[in-house]
A.B. asks: 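Pasting a structure here, questions to come.
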Protein chains: 2
Amino acid sequence: MPQVGEEKADTRQRLLDAAVEVLREEGITGATARRIAARAGVNQALVFYHFGSVANLLLQSFLRTSDGQIARYRAAAEGVDSLHDLVGIARRLHDEDLESGAVTAVTQVMAAAREPELSEQILERFDQWIGIVEEALRRATADSPLAAAMLVREAAYAISSMFLGIEIVTRLDPERSEAPRLFDMMSNLATMAEQLAPMLPPGTSDAHRG
Amino acid sequence: MPQVGEEKADTRQRLLDAAVEVLREEGITGATARRIAARAGVNQALVFYHFGSVANLLLQSFLRTSDGQIARYRAAAEGVDSLHDLVGIARRLHDEDLESGAVTAVTQVMAAAREPELSEQILERFDQWIGIVEEALRRATADSPLAAAMLVREAAYAISSMFLGIEIVTRLDPERSEAPRLFDMMSNLATMAEQLAPMLPPGTSDAHRG
DNA sequence: GTCTATACTTGGATAGAC
DNA sequence: GTCTATCCAAGTATAGAC
């Protein structure tokens, strides 16, 4: 256990941070024990002392980062109670993620995952992510006839996958991203859907409720 | 130039094929000159003779595979003239891609891409992909009021990104994919949208036409 | 155009001193 | 818990015989 009030984060922590930075800047193919250790300013052997293997360091790094992201998403999603809110918050989270690079680190591990155990862990996190979107979507469409037509779980799955895809494409050249225009469009669609709702057949909006 | 009627594909071709297979089965981190050559049944030095470097072999492999995919998508998209068609064709292409593993190879190169030149080439292909979806979407919604609300380019971008994300997630555990249910839902949504169209304010369906 | 052999580099991982 | 030193495996790439 590290001392209280220490100036220097303990090595374990530094390695986890360094792993995220290396994943972000050099990708999965550049995430080696030597590079990560150099980035953390510690000896290469400590990767193996603390984590046993590079693969495990990357796994732990993934878990820590994605759990952080999930907590942020969960907190942000609590404020959603309209489609318009949902789009606005999604836009904000996307911008923040791009800035911090956290999602890049996550997608690098994700794309390269081969071992079933790692895949399992990743899917578990993706599932939580979908759950958050699902919950937000459910609240956002509670008063809309859309709720009856849409299977909310599937829609949340679609949205989550879309974000993942956008992240990967955006990283190839952030300057040329079309994501901002997509958010503008979704914002307009949300507004229209909300204005149109009263024009549609009533009663259907309760179809999904227990 | 290879002889006509040859039994054995020329080495260059075999290496390109082998690269796709290795990318599919072992991912980007397993795509080494030695493994690809072994898979092709040729000597490792031939990777460098024919392609100069592993990175270039992977690039050529990516270009060949993604161009093939694009041709398939383009051909399939020609048959679309309703949202329902679009969903059905998307489902079929998704199933085929999963079976052949071609998209997996593409996403592996994509996720690991670092050099600007490679990113450039990848984005160019992604752009073509978006273009095909855009064109299909435009035809599918030509008679629908949806066309007025939706910026077709942005919607196509969203759909393409979604497919990319789904591919990456599905590969983690194909058994547990939620994609089939998503297609079912989209199919229902398409049907509803088509039934609902006449109920909405008329005239708007022509708003996007020159 | 293909093979063998080899040079060189990098990376994962461990042993042992401190 | 950290470092030095080291081993071994695997990778890229090239030279040169065939």
Side-chain angles (χ1 to χ4, degrees), chain A residues 1-62 105 108-109 112-115 117-118, chain B residues 1-23 25-62 108-109 112-115 117-118:
Chain A
M1 283 294 189
Q3 304 287 313
V4 279
E6 58 188 344
E7 280 296 316
K8 169 182 167 240
D10 73 309
T11 299
R12 205 188 143 82
Q13 202 59 40
R14 293 176 64 137
L15 283 170
L16 286 167
D17 292 340
V20 173
E21 288 167 27
V22 171
L23 279 170
R24 194 174 61 214
E25 290 165 26
E26 318 210 43
I28 187 74
T29 55
T32 68
R34 286 177 150 89
R35 264 195 251 216
I36 294 168
R39 182 89 200 201
V42 302
N43 192 276
Q44 169 260 151
L46 293 175
V47 166
F48 304 97
Y49 174 79
H50 286 288
F51 297 95
S53 69
V54 173
N56 187 47
L57 167 55
L58 294 180
L59 167 61
Q60 299 307 323
S61 204
F62 167 83
Q108 287 297 301
V109 175
R114 292 273 127 196
E115 286 107 53
E117 205 249 336
L118 176 54
Chain B
M1 284 294 191
Q3 304 288 313
V4 280
E6 59 188 340
E7 281 294 315
K8 168 182 166 243
D10 74 310
T11 299
R12 204 187 143 83
Q13 203 58 42
R14 294 176 65 136
L15 283 171
L16 286 168
D17 292 340
V20 173
E21 289 167 26
V22 171
L23 279 170
E25 291 165 26
E26 318 211 41
I28 187 74
T29 56
T32 67
R34 284 177 151 90
R35 266 195 252 217
I36 294 169
R39 181 87 199 203
V42 302
N43 191 276
Q44 167 262 151
L46 293 175
V47 166
F48 305 96
Y49 175 79
H50 286 288
F51 297 94
S53 68
V54 174
N56 187 47
L57 167 53
L58 294 180
L59 167 61
Q60 299 307 323
S61 204
F62 167 84
Q108 288 296 302
V109 175
R114 294 271 127 196
E115 285 107 53
E117 205 249 335
L118 176 53

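Residue numbers start from 1 in every chain, and the chains themselves are labelled A, B, ... in the order their sequence lines are given, proteins ahead of strands.
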A.B. asks: Calculate the interatomic distance between B/Asn43 atom CG and D/dA15 atom P; express it in whole Å.
C.D. replies: 16 Å

A.B. asks: Using the C1' atoms of the five pairs at each end, what is the angle between the end axes of the helix from C/dG1-D/dC18 to C/dC18-D/dG1, to 10°?
C.D. replies: 0°

A.B. asks: Does anything in residues 44-59 of chain B come within less than 4.0 Å of DNA chain D? Heavy atoms only, and list the residues if so.
C.D. replies: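 B/Gln44, B/Ala45, B/Phe48, B/Ser53, B/Val54, in order of number.
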
A.B. asks: Only pairs at least two apart or in different chains count here, so list each salt bridge (charged side-chain N to carboxylate O under 4.0 Å, His left out) that has a residue in residues 50-59 of chain A.
C.D. replies: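 Not a single pair qualifies under salt bridge (charged side-chain N to carboxylate O under 4.0 Å, His left out).
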
A.B. asks: Verify, without hydrogens or angle tests, whether B/Gln108 (side chain) and B/Gly27 (backbone) share a donor-acceptor contact under 3.5 angstrom.
C.D. replies: no

A.B. asks: Between A/Ile36 and A/Ala19, which heavy-atom pair has the shortest distance, and what is it?
C.D. replies: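 So the two residues come closest at CG2-N, 3.8 Å.
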
A.B. asks: Restricting to pairs with a member in residues 47-61 of chain B, which pass salt bridge (charged side-chain N to carboxylate O under 4.0 Å, His left out), not counting sequence neighbours?
C.D. replies: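 Every candidate salt bridge (charged side-chain N to carboxylate O under 4.0 Å, His left out) pair involving residues 47-61 of chain B fails, so no pair, neighbours aside, qualifies.
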
A.B. asks: Check residues 41-52 of chain A and write down every donor-acceptor pair under 3.5 Å in which the side-chain atom is one partner and the other belongs to a residue at least two apart or another chain.
C.D. replies:
from	atom 1	to	atom 2	distance (Å)
A/Asn43	OD1	A/Ala45	N	2.8

A.B. asks: By a strict heavy-atom criterion of less than 4.0 Å, which residues belonging to residues 25-36 of chain A are in contact with DNA chain C?
C.D. replies: A/Thr32, A/Ala33, A/Arg34, A/Arg35

A.B. asks: Keeping to residues at least two apart or across chains, list the salt bridge (charged side-chain N to carboxylate O under 4.0 Å, His left out) pairs with something in residues 42-62 of chain A.
C.D. replies: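 For residues 42-62 of chain A, and leaving out neighbouring residues, there are no salt bridge (charged side-chain N to carboxylate O under 4.0 Å, His left out) pairs at all.
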
A.B. asks: Going by side-chain contact (heavy atoms from CB on, under 4.5 Å), name the residues that satisfy it together with A/Ala105, two or more places apart in sequence or in a different chain.
C.D. replies: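 A/Ala105 satisfies side-chain contact (heavy atoms from CB on, under 4.5 Å) with A/Val20, A/Leu23 once adjacent residues are dropped.
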
A.B. asks: Does A/Gln13 have any side-chain hydrogen bond (donor to acceptor under 3.5 Å, both in side chains) partners at least two apart in sequence or in another chain, and if so, which?
C.D. replies: none

A.B. asks: Please list all pairs meeting side chain to side chain donor-acceptor pair (under 3.5 Å) that have one or both residues in residues 21-37 of chain A, counting only residues at least two apart or in different chains.
C.D. replies: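 Matches after skipping sequence neighbours: A/Glu21-A/Arg39, A/Glu25-A/Arg39, A/Glu26-A/Arg35.
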
A.B. asks: List in chain and number order the residues that pass side-chain hydrogen bond (donor to acceptor under 3.5 Å, both in side chains) with B/Gln60, two or more places apart in sequence or in another chain; answer none if no residue qualifies.
C.D. replies: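 So B/Gln60 forms a side-chain hydrogen bond (donor to acceptor under 3.5 Å, both in side chains) with B/Asn56.
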
